[in-house]
Amino acid sequence: QVQLVESGGGSVQAGDSLRLSCAASGRTFSRFAMGWFRQAPGKEREFVAAIDWGNGNTDYADSVKGRFTISRDYAKNTGYLQMNNLKPEDTAVYYCAADVGRIPTQTAYDYWGQGTQVSVSS
């Protein structure tokens, strides 16, 4: 199974940058993908970005394209979410999640981190 530990959240001003980290541990899987999600108070959880661990293919929500970059470090078994030009509407709890290929035909995030708070003020 997979354990995920997040870090890097904080309180910043609009226009500032943050880099979130998600360290993964556990047994090896044939397939692996990491996604980032966020949830603001009173709102539904929404997809932010994802990366395929094997080929590096990425996907982004339209709201963060051009501002956020997802990446991974094989040596550290860690994924990152670089967030630039942060806006107040980016304020949320950010979660990383792991898809280990349980369902071959669709994405299934079975493992989740504890979440890290990102607060952006004007």
Side-chain angles (χ1 to χ4, degrees):
Q1 297 183 326
V2 175
Q3 294 80 46
L4 304 175
V5 179
E6 300 163 329
S7 61
S11 299
V12 299
Q13 297 287 321
D16 287 349
S17 299
L18 284 173
R19 189 178 75 162
L20 306 183
S21 299
C22 179
S25 62
R27 74 178 185 89
T28 302
F29 293 90
S30 298
R31 298 175 63 88
F32 190 89
M34 181 177 289
W36 287 93
F37 298 79
R38 65 187 183 187
Q39 187 168 25
K43 297 183 179 180
E44 295 294 322
R45 180 186 64 192
E46 65 174 339
F47 170 80
V48 176
I51 186 167
D52 185 284
W53 219 256
N55 58 32
N57 288 346
T58 59
D59 189 32
Y60 297 93
D62 289 341
S63 60
V64 305
K65 286 182 179 179
R67 299 189 299 122
F68 291 10
T69 303
I70 189 170
S71 62
R72 84 277 204 235
D73 186 326
Y74 286 116
K76 297 181 179 180
N77 292 319
T78 299
Y80 303 96
L81 184 68
Q82 177 68 45
M83 305 184 295
N84 297 328
N85 192 25
L86 284 162
K87 304 176 180 179
E89 52 263 43
D90 295 319
T91 295
V93 177
Y94 284 70
Y95 300 90
C96 66
D99 178 355
V100 298
R102 177 173 59 85
I103 305 176
T105 57
Q106 63 180 319
T107 300
Y109 291 104
D110 292 326
Y111 303 95
W112 294 81
Q114 79 285 354
T116 185
Q117 177 70 50
V118 173
S119 299
V120 185
S121 61
S122 300

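Remark: T78 engages S21, A23, K76, Y80 in a side chain to side chain contact (heavy atoms under 4.5 Å, CB included) (not counting sequence neighbours).
Taking Ile, Leu, Val, Met, Phe, Trp and Tyr as hydrophobic and joining them when side-chain heavy atoms fall under 4.5 Å apart, one finds W112 in a cluster with F37, F47, V93, Y95, Y109.
Distance check, rounded to the nearest 0.5 Å: OG of S122 to NZ of K87 gives 12.0 Å. Here the straight-line distance linking atom CD of Q82 with atom CD1 of I70 works out to 12.0 Å at 0.5 Å rounding. To the nearest 0.5 Å, the span separating CD on Q117 from OG1 on T91 amounts to 7.5 Å. Note that OG1 of T116 is 7.5 Å distant from CH2 of W36, once rounded to the nearest 0.5 Å.
The shortest heavy-atom contact between L20 and G9 is CD2-N, 3.6 Å. Closest approach of Q13 and S121 over heavy atoms only: NE2-OG, 3.1 Å.
When each of N85, V12, N84 is tested with S17 by the rule side chain to side chain contact (heavy atoms under 4.5 Å, CB included), just one qualifies, namely N84. Checking D99, N77, V2 one by one against F32, the side chain to side chain contact (heavy atoms under 4.5 Å, CB included) holds for a single residue, V2.
Heavy atoms of other residues, nucleotides or ligands lying less than 6.0 angstrom from CD of Q1 number 12 at most.
Remark: the backbone N or O of A33 is not paired with any side-chain donor or acceptor of D52 at under 3.5 angstrom. Judged purely by atom type and a 3.5 angstrom limit, T58 has no side-chain atom pairing as donor or acceptor with the backbone of I51. In terms of modelled atom types and a separation under 3.5 Å, the side chain of E6 and the main chain of G115 share a donor-acceptor contact.
L81 and Y74 fall within a single hydrophobic cluster, where Ile, Leu, Val, Met, Phe, Trp and Tyr side chains are chained together by heavy-atom contacts under 4.5 Å. I103 is not connected to V100 by any chain of hydrophobic side-chain contacts under 4.5 Å among Ile, Leu, Val, Met, Phe, Trp and Tyr, and they are in different clusters.
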Check residues 38-45 and write down every donor-acceptor pair under 3.5 Å in which the side-chain atom is one partner and the other belongs to a residue at least two apart or another chain.
from : atom 1 : to  : atom 2 : distance (Å)
R38  : NE     : E46 : OE2    : 2.7
R38  : NH1    : D90 : OD1    : 2.9
R38  : NH1    : Y94 : OH     : 2.9
R38  : NH2    : E46 : OE2    : 3.3
Q39  : NE2    : K43 : O      : 3.1

